[in-house]
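One structure is given here, and the rest of the page talks about it.
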Amino acid sequence: DTAVSQTPKYLVTQMGNDKSIKCEQNLGHDTMYWYKQDSKKFLKIMFSYNNKELIINETVPNRFSPKSPDKAHLNLHINSLELGDSAVYFCASSQDVMSNQPQHFGDGTRLSIL
Amino acid sequence: KQEVTQIPAALSVPEGENLVLNCSFTDSAIYNLQWFRQDPGKGLTSLLLIQSSQREQTSGRLNASLDKSSGRSTLYIAASQPGDSATYLCAVNNFNKFYFGSGTKLNVKP
């Protein structure tokens, strides 16, 4: 009964390829997020969606395109992958935008670019 | 822009010791602050969330305090156990913009 699940867990691919990461939450939350954790373990928010609407886009290259088909899903598509995209990507959710309830995180997708 | 700093970066203590992890932030106009634990190869697990109007929160052996005016939060862990070994992250919510510290890696030795 995983609350926030991401697939795949590992993704190894060549530079220049296009790939997608999927995220689903079964908590009934309205808000979902994508974070990037670099090799120094810094977590930075990339996107936030509330009820399928984009509310945060933090200076992320437009090669990254999030898609939210419904409020339980937030997928991340990456075009023309570059070496610098290698990182762990975390999906998270929270009850709503201005919530004093905690965020719940998935286990991450480790993306390695060859 | 909000900056979040955690000190120390790493900490190694013998089992049973009480310890304090520190988090400081530059912009005091926060909505809440959250402490997380991250185990290797895993996502983040929320430990405690302190609202901006609160001074502290407690859960079991954990106590988190918040001094918004001075831009500081501490996480106190009582009677540490080897199972507490993990990286601890604090995250500041600036009205739906979240800023994370780089974490404190804790090792509790049996």
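Side chains included, hydrogens not; waters and symmetry mates left out as well; all remaining heavy atoms used. In what follows, every chain begins at residue 1, and chains take the letters A, B, ... in the order their sequences are listed.
Cluster membership for A/Phe90 and A/Leu76, using ILVMFWY side-chain heavy atoms within less than 4.5 angstrom, is not shared. Placement of A/Leu111 and A/Leu114 in two distinct hydrophobic clusters is found when ILVMFWY residues are connected by side-chain heavy-atom separations under 4.5 Å, directly or transitively. The cluster map of Ile, Leu, Val, Met, Phe, Trp and Tyr, joined by side-chain heavy atoms under 4.5 Å apart, puts B/Ile50 and B/Phe25 in the same cluster.
Contacts between A/Ile56 and chain B at a heavy-atom distance below 4.5 Å involve the side chain alone, from C-beta outward. Interface remark: A/Gln101 contributes backbone atoms only to the contact with chain B (heavy atom separation under 4.5 Å). Looking at B/Leu44, both its backbone and its side chain come within 4.5 Å of chain A, counting heavy atoms on both sides. Of the atoms belonging to B/Gln51, heavy atoms from both backbone and side chain fall under 4.5 Å from chain A.
When the shell of 6.0 Å around NZ of A/Lys71 is examined, it contains more than 12 heavy atoms from other residues, nucleotides or ligands. For B/Arg61, the CZ atom counts as densely surrounded, since its 6.0 Å shell holds more than 12 non-hydrogen atoms of other residues, nucleotides or ligands. In B/Glu15, the CD atom is crowded: over 12 heavy atoms of neighbouring residues, nucleotides or ligands sit closer than 6.0 Å.
Residues B/Phe98 and A/Gln103 have side chains in contact (heavy-atom distance under 4.5 Å, counting atoms from C-beta outward).
Rounded to the nearest 0.5 angstrom, A/Phe105 CZ and B/Lys42 NZ are separated by 15.0 Å. One distance of note links CG of A/Asn100 with OG of B/Ser53; it measures 7.5 Å at 0.5 Å rounding.
When A/Asn50, A/Ile55, A/Leu43 are compared by the number of non-hydrogen pairs under 4.5 Å with chain B, A/Leu43 comes out ahead.
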Cut-off 3.5 Å, no hydrogens considered: what does the side-chain donor-acceptor table look like for residues 103-110 of chain B, sequence neighbours left out?
unit_1: B/Thr104; atom_1: OG1; unit_2: B/Pro8; atom_2: O; d: 2.5

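Scanning all heavy atoms of the two residues, the minimum distance from B/Gly101 to A/Phe42 falls at C-CE2, 4.3 Å.
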